[in-house]
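Keep in mind the model is a prediction, meaning the values are calculated, not measured. By convention in this document, chain letters (A, B, ...) are assigned in the order of the sequence lines, proteins followed by strands, and residues within each chain are numbered from 1.
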Number of protein chains: 2
Amino acid sequence: MSERIPERGKRGPRPRRAVTLRVIAREAGVSASTVSRIINGTVKVSDELKSAVEAAITKHDFRPDAAARGLALGRTLTIGVLSQAIDSPFYAEGLRGVERRLLEAGYAALFMSGNWNEVDEERCLREFIDRGVDGIIMFSGRLGDAAVKEFAKRVPVVVTGRSLRAAHTYSLPIDDRRGALLAMRHLIGIGHRRIAFIAGSENHPDALERLAGYQAALGEAGIPFDPRRVASGDWHEEGGLLATSRLLESGVDFTAIFCVNDQTAYGAYLALFRKGLNVPKDVSVVGFDDLPASSYSLPPLTCVRQSVRTLGERAAEAVLALIAGRRPRIDSPPVEIVVRDSTRRI
Amino acid sequence: MSERIPERGKRGPRPRRAVTLRVIAREAGVSASTVSRIINGTVKVSDELKSAVEAAITKHDFRPDAAARGLALGRTLTIGVLSQAIDSPFYAEGLRGVERRLLEAGYAALFMSGNWNEVDEERCLREFIDRGVDGIIMFSGRLGDAAVKEFAKRVPVVVTGRSLRAAHTYSLPIDDRRGALLAMRHLIGIGHRRIAFIAGSENHPDALERLAGYQAALGEAGIPFDPRRVASGDWHEEGGLLATSRLLESGVDFTAIFCVNDQTAYGAYLALFRKGLNVPKDVSVVGFDDLPASSYSLPPLTCVRQSVRTLGERAAEAVLALIAGRRPRIDSPPVEIVVRDSTRRI
DNA sequence: GCACCATCAGAAACCGGTTTCAGACCGGCC
DNA sequence: GGCCGGTCTGAAACCGGTTTCTGATGGTGC
């Protein structure tokens, strides 16, 4: 009855765990091994010992130390999850999906942000390895495939937004090109022919694929590609705002804008609003992602939906499968067009 | 030259670490203790041994196992961070701030979501304890103060959004009442007298404080409080949408709406938009939080700013101080009004 | 030249679990 | 009654680090 938490801050060595497995063992009059076996159910133990131990466990509210267990077992029940920014609404959705699935499986997630920066990404991944994570999930990211494969030698890695074939690796690519095609077909289908495109940052593979889809759709419809209708953004609201302003000032005409992602579209909205232009009356706008906020933008945004949350869930499933030694058979969630109020027939 | 990663998945026991401290020691011809001392710089070691060991370390790219180190040291350089939902733009900002500060200090964050649910919150906190975190940061949350204090016996706890005095505990309260007062004074100052309020969920302390601020401001201005002008929401867009619709249909008149938070305001925006009402021409709207998206809403939202990111940074500083045994002297970031385009003088 | 002290390195114990290995005990069978 | 086999338990080793404790070495002072 007198277990006290070890004194804190009172000089002396670091605070240590008050009640350990050996304490329980002593109290129940058994050996440490027996307690361990009962907790994990690895070996049959007689009922009387079991109940004595269980009584001691509940009495002290004992729960084994995860670090010690991780050390002994060689696994930590932790997955390292690398996104680019924890406060980006896009990644946040994905993280949510990951979190949920991992929780169900008894795993915890160690989230870190790569800041769209190769160096930071590599630092995070190293940190994951050092902390002995059992697997890694990587949301997009700039880090080269070779580096990723190197990490995959240590621990299973699931990547989204790219294709990568290597041992202990699984990819959930995003069909950017098809998504862009769907968006453009929607616009073309409702009569638009002069369609501007606000791209992501120049060197980004997703951005290039979406641009390729934009061009392919124009080709399909026999509309000539006019580079003056392409402005580059930065995947964020601000880039969308600036790009749209530039387009408007440049004098090229367009009846619709396809934005590389929803956040860019929000920026475009604001630029149009400031010029007194109405969406969709004067300009139709299409986004890409279907962030939760897009249902509440004014007007609600027509966009290509890729369920990032589902993507996160599937990434979690895939990494768990890899850990279990199974080969995942999991597809990326499909892209589809969600028509709301930001586009209109002309 | 022949270190191989232990075979994975090939039956046999779990994959284990290929290169350990003892491997380095053997290679450099010294004892394990010496390697440890060199890595941590705890004791002076002769230069020649040091360089031999360092050579071996870089050759094998050795980095000590965090779990083992954590076990030996009794600390994990990990902070448990409990928010309510990782994909909420509000908490995401805070987590970002936490992440940044912790990273600077060499700590990692274990993020978990409490889902506005006492049971989940407690489960998360227990998980933190089991995993041996060195400290806990808790963003708002429904868990009772008594339970929080219980956890604080095991490990330092920093809470935001509430006041709590206990050992190994630090609070960063949010001045909800003052924030609400600022919002209301702004509206009243530009001529509004019939001001609706969309509250958060009924039993939430922050919601109650903001309501109190709303009432206090009315009192200051000698405006009678009319409960028909208060509608309850759920802190999310949907609640704002529904509450605003109810207000509009109820027939009570108002020239402005003060929303308990920005997300509620976004919902209000959409409800007004659907009714063909213009913000701010027909109705002025004020939010609370100043989420990043509020700069890009249409029109950009006037709101009370509380820098959640700063709050997160300060929470991180506070928990680090507690861990170091220092008593933090850190204030919550101030609330202030940010006037944009959603309010106008009448 | 010898005693003494400071400095540095290694052996061993430890952190808190898990697991191997060996032994105790029991029952069944010849 | 003795032998065999199966079941259950405990002692000890192990995971990969850190730290205490002890011993060796070299330098200094007298």
Side-chain angles (χ1 to χ4, degrees), chain A residues 3 6 12-53 56-57 60 62-78 129-134 154, chain B residues 3 6 12-53 56-57 60 62-77 129-132 134 154:
Chain A
E3 348 307 328
R14 237 147 265 92
R16 293 230 149 265
R17 202 151 239 268
V19 32
T20 68
L21 179 137
R22 288 177 225 267
V23 171
I24 299 293
R26 179 150 19 92
E27 170 130 355
V30 302
S31 73
S33 358
T34 302
V35 177
S36 171
R37 289 194 265 254
I38 289 173
I39 291 177
N40 299 297
T42 44
V43 175
K44 198 156 166 31
V45 173
S46 72
D47 286 344
E48 58 182 335
L49 292 193
K50 186 185 272 187
S51 55
V53 169
I57 289 179
H60 293 277
F62 171 72
R63 304 188 62 182
D65 180 288
R69 176 178 262 182
L71 181 58
L73 253 37
R75 63 215 171 81
T76 53
L77 292 181
T78 303
I129 298 289
D130 293 345
R131 286 176 176 266
V133 299
D134 299 338
R154 307 300 236 60
Chain B
E3 348 308 324
R14 238 148 263 91
R16 293 226 149 269
R17 204 149 238 267
V19 32
T20 70
L21 181 138
R22 290 179 224 264
V23 170
I24 299 293
R26 180 150 20 94
E27 170 129 356
V30 301
S31 73
S33 359
T34 302
V35 178
S36 171
R37 291 194 263 252
I38 289 172
I39 291 177
N40 299 299
T42 43
V43 176
K44 197 156 165 32
V45 173
S46 72
D47 286 343
E48 56 182 336
L49 292 194
K50 185 183 271 187
S51 54
V53 168
I57 289 179
H60 293 276
F62 170 72
R63 305 186 62 181
D65 179 288
R69 174 178 266 180
L71 180 57
L73 252 38
R75 62 212 171 80
T76 53
L77 292 182
I129 299 289
D130 293 345
R131 286 177 177 266
D134 298 338
R154 309 297 237 66

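- A/Arg26 pairs by the side chain to side chain donor-acceptor pair (under 3.5 Å) definition with nothing, not counting sequence neighbours.
- Looking at heavy-atom distances under 4.0 Å, A/Thr20 makes contact with sugar-phosphate atoms alone, never a base.
- In this model, no side-chain donor or acceptor of A/Arg69 finds a partner on the base of C/dG16 within 3.5 Å.
- As a whole-Å value, the separation of A/Arg75 CZ from C/dT18 P is 10 Å.
- Counting to the nearest Å, the P atom of D/dG16 and the CZ atom of B/Arg26 are 12 Å from each other.
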Would you please test A/Thr78 and B/Arg131 for side chain to side chain contact (heavy atoms under 4.5 Å, CB included) and show each step? CA-CA 10 Å; A/Thr78 303; B/Arg131 286 177 177 266; 2.6 Å; yes
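- Judged by distance alone, with hydrogens and angles left aside, the side-chain atoms of B/Thr76 form a donor-acceptor pair with the main-chain N or O of B/Gly132 at under 3.5 Å.
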Determine, for nucleotides 6-11 of chain C in 5'-to-3' order, which nucleotides have protein heavy atoms under 4.0 Å from the base (write B), from only the sugar-phosphate (write S), or from neither (write -). --SBBB
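- In this structure, A/Ile39 places its CD1 atom 11 Å from C1' of C/dT18, rounding to the nearest Å.
- To the nearest angstrom, P of C/dA13 lies 18 Å from CG of B/Leu71.
- Regarding B/Arg22, its CZ atom lies at a distance of 7 Å from the C1' atom of D/dG17, rounded to whole Å.
- Between the side chain of A/Thr34 and the main chain of A/Val30, no donor-acceptor pair closer than 3.5 Å is present.
- When distances are taken from the side chain of B/Ala72 to each of C/dT19, D/dG17, D/dC15, the shortest belongs to D/dG17.
- With sequence neighbours excluded, the residues forming a side-chain contact (heavy atoms from CB on, under 4.5 Å) with A/Asp130 are B/Arg63, listed by chain and number.
- The closest donor-acceptor contact from the side chain of B/Ser36 to the backbone of B/Ala32 lies at 3.5 Å or more, if one exists at all.
- Spacing between atom CD1 of B/Ile24 and atom C1' of D/dG16 amounts to 13 Å, rounded to whole angstrom units.
- Across the protein-nucleic acid pair, A/Arg131 atom CZ and D/dG17 atom C1' stand 15 Å apart, rounded to whole Å.
- Between the A/Asp134 side chain and the A/Leu77 main chain, a donor and an acceptor come within less than 3.5 Å of each other.
- Distance CG (B/Leu21) to C1' (D/dC15): 13 Å, rounded to an integer number of Å.
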